[in-house]
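These notes concern the structure reproduced below.
Whatever order the structure lists them in is the order used to number ligands and atoms, beginning at 1. Values below: all heavy atoms of this structure, side chains included; hydrogens, waters and symmetry mates excluded.
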Amino acid sequence: MKRMQGKCLCEAVKYEISGKLGAVFNCHCSKCRRWHGAPFRSRASIDVSQFKLVSGKELLSTFKSSDNVTKFFCKVCGSSLHSTYENKPDVVGVALGPLEGVESKPEANIFTASKASWYEICDGLPQYESWPGSEDRVRKTNL
Ligand SMILES: [Zn+2]
Ligand SMILES: [Zn+2]
């Protein structure tokens with residue numbers, strides 16, 4: 001099975017993702033912008049069984065960004081890595097930035113109502129002011 005490799009900046013935290021990513025969204029919400037220090041976070045959801053931590057478990061630190069969402073990052077180098085969700089324990093949200101071997105492309109821009117004022121979205125993809133509701137809904141719109 002195809003695998004994607006991810007690692008943090010200091011390379012102590014390494015992980016692998018098997019199988020296919022869910023729909024890739026560029027998230028422009030202010031939390032993603034702050035967490036990544038970037039205009040948006042390219043992210044996808046996967047099943048927890050697809051995610052395997054290879055090394056650095058003891059270096060992972062967490063931050064609860066809301067009642068529902070826990071963000072994982074490397075406490076040595078600060079790289080922002082993945083998210084887990086209280087209401088969806090079988091899902092992991094992964095950032096595409098640290099991954100090698102990604103074949104998927106972004107399908108939409110989400111939370112554009114809170115995008116950085118200085119950043120212009122020019123990719124021609126659908127834009128959603130908030131969460132589009134579901135990945136399926138975006139995929140149907142794109143057909
Ligand atoms: Zn690190
Ligand atoms: Zn976001």
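We find the OG-NZ distance between S30 and K115 to be 14.0 Å, quoted to the nearest 0.5 Å.
Between F25 and W131, the two ring planes are perpendicular [angle over 60°; tilted spans 30° to 60°].
Here the angle centred on the Zn ion (ligand 1), running from SG of C10 over to SG of C8, is 100°, rounded to 10°. At the Zn ion (ligand 1), the angle from SG in C77 to SG in C74 is 110° when rounded to 10°. Note: angle at the Zn ion (ligand 2), from SG of C29 to SG of C32, is 110° (rounded to 10 degrees).
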Determine, step by step, whether L53 and L60 satisfy the side-chain contact (heavy atoms from CB on, under 4.5 Å) criterion, reporting the C-alpha distance in whole Å, the side-chain angles of both residues, the deciding distance to 0.1 Å, and the verdict. CA-CA 10 Å; L53 195 61; L60 279 178; 3.7 Å; yes

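With respect to H36, the side-chain hydrogen bond (donor to acceptor under 3.5 Å, both in side chains) criterion is satisfied by exactly one of R43, R41, K31: R41.
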